Engineer: 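To start, I am sharing the structure in question, which I have written as structure tokens.
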Amino acid sequence: MSSYKRPSRLTSLWELESSDEESTTQDDAQSSRHSFPREEYERIKEKTRQGCLCDDCERAIDPAVRPDFTALLNIFSSEKLLRQAAIFAGTRKINEKIVDHFHTSWRHPMHMGVPNVEFVSFMMSDKKVCLRFDEYMSELLLILDDPHVKPLWHGTTVKCKFDDKPCDPSSTDSCAGCNILSKGFDISKSGSANPFKRFGTGIYFAPNSSKAHSYATPRGGSDDLFTILFCFVALGRCHTTVDDMPRLTEPPYPCHSVHGRVGHRLNYEEYVVYRPDAVVPFAAVTYRMNKW
């Protein structure tokens, strides 16, 4: 069974609380402070799973009253982003849900290894990243009922040598992963790791963690430790295709993103956006690949 490490207090990397005992104590305290008793939370679990929109269930996915979002409220200034994260987490703690999603979305054959999550980390990024995401979401909501926000994975290079941290705050210029986490995505860096751009100059994401892994590189001095990024991406209206479109610099009108379907070109799905304000890097998942 996969495990992940969480330090006992917030660090500069803004990781969540540590042991189950400490987490339980803090959860109870936070629940009391927010007048949201654990018993009430348990009672509405099943209704929330079924997508109920009653007032009680709305509270269950409100980041302002969820104990597991207390730290995240200090990291991310986007209410729209945190709302999407709360909906994604449902009745699970957000970091546990990310770990579960990492494993359930792993689709590649196991001959490449079996991943075991070491830790999930959250890093404070530039406030402009959240601000521009909020503005883009508002822009989409003017023309669409649903901005179509999806949790997606992005594989990149992480050069940091730490085994117990996602990145080195002083290495944001030399490490692609640190740079993305702290400053958001930069469309000008598209193709810097892989010159082949199947759908043109954009920012690429995968719904499968294993596909993102194929674009990740081993960290620092280790040959089996990797980090990929967990992101929330506002896809808007998708242009779906099975053909290569390498000359794109923006999605075909009137769409906001491109969805590459499985077909004669792709074995696994991918999504591409052409604006950095359409995505927020939410967490870094560090895992170790165990060979058969």
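For clarity, every value in this text was computed on a predicted model and none was experimentally measured. Heavy atoms only: backbone and side chains are in, while hydrogens, waters and symmetry mates are out.
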Engineer: Does Phe230 have any ring pair (Phe, Tyr, Trp, His ring centres under 6.0 Å) partners at least two apart in sequence or in another chain, and if so, which?
Structural biologist: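 Result, ring pair (Phe, Tyr, Trp, His ring centres under 6.0 Å) vs Phe230: Phe88, Trp153, Phe232.
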
Engineer: Between the side chain of His239 and the main-chain N/O of Val258, is any donor-acceptor distance below 3.5 Å?
Structural biologist: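 No, His239 side chain to Val258 backbone: no donor-acceptor pair under 3.5 Å.
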
Engineer: State whether a side-chain donor-acceptor pair under 3.5 Å links Asp186 with Ser188.
Structural biologist: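 The criterion, which ignores hydrogens and geometry beyond distance, is satisfied for Ser188 and Asp186.
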
Engineer: Got a sec: does the CG of Asp146 have more than 12 other heavy atoms crowding it under 6.0 Å?
Structural biologist: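 Enclosed.
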
Engineer: Nearest 0.5 Å please: distance from the SG atom of Cys255 over to the OH atom of Tyr274.
Structural biologist: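 Output value for this atom pair is 10.5 Å.
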
Engineer: How would you list, by chain and number, every residue that makes a side-chain hydrogen bond (donor to acceptor under 3.5 Å, both in side chains) with His213, sequence neighbours excluded?
Structural biologist: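 Per chain and number, His213 pairs via side-chain hydrogen bond (donor to acceptor under 3.5 Å, both in side chains) with Tyr287.
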
Engineer: Could you check whether Lys128 pairs with Asp126 (Lys NZ or Arg NE/NH1/NH2 to Asp/Glu carboxylate O, under 4.0 Å)?
Structural biologist: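 Not counted as a salt bridge, because no side-chain N and carboxylate O are separated by less than 4.0 Å.
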
Engineer: Can you tell me if Asp277 uses its side chain to pair, donor with acceptor, with the backbone of Phe133 under 3.5 Å?
Structural biologist: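 Side chain of Asp277 to backbone of Phe133, a donor-acceptor pair under 3.5 Å: no, none is there.
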
Engineer: Cluster question for you: counting only ILVMFWY and a side-chain heavy-atom cut-off of under 4.5 Å, with indirect links fine, are Leu229 and Val272 together?
Structural biologist: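 Leu229 and Val272: separate clusters.
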
Engineer: Cut-off 3.5 Å, no hydrogens considered: what does the side-chain donor-acceptor table look like for residues 198-207, sequence neighbours left out?
Structural biologist:
| from | atom 1 | to | atom 2 | distance (Å) |
| --- | --- | --- | --- | --- |
| Arg198 | NH1 | Asp244 | OD1 | 2.9 |
| Tyr204 | OH | Arg198 | N | 3.4 |
| Tyr204 | OH | Phe199 | N | 2.8 |
| Tyr204 | OH | Gly200 | N | 3.2 |
| Tyr204 | OH | Gly200 | O | 2.7 |

Engineer: If you measure from the Lys or Arg side-chain nitrogens to the Asp or Glu carboxylate oxygens, is any gap between Arg219 and Glu118 under 4.0 Å?
Structural biologist: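 Salt bridge flag = no for Glu118 with Arg219.
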
Engineer: Taking all non-hydrogen atoms of both residues, which atom of Val279 and which atom of Val129 are closest, and how far apart?
Structural biologist: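 Heavy atoms only, the tightest pair is O-CG1, 4.4 Å.
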
Engineer: Could you check whether any side-chain heavy atom of Cys238 comes within less than 4.5 Å of a side-chain heavy atom of Ser257, counting everything from C-beta outward?
Structural biologist: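 Cys238 reaches Ser257 side chain to side chain.
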
Engineer: Calculate, to the nearest 0.5 Å, the distance between atoms OG1 and OH belonging to Thr240 and Tyr271 respectively.
Structural biologist: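 Between atom OG1 of Thr240 and atom OH of Tyr271 there are 7.5 Å.
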
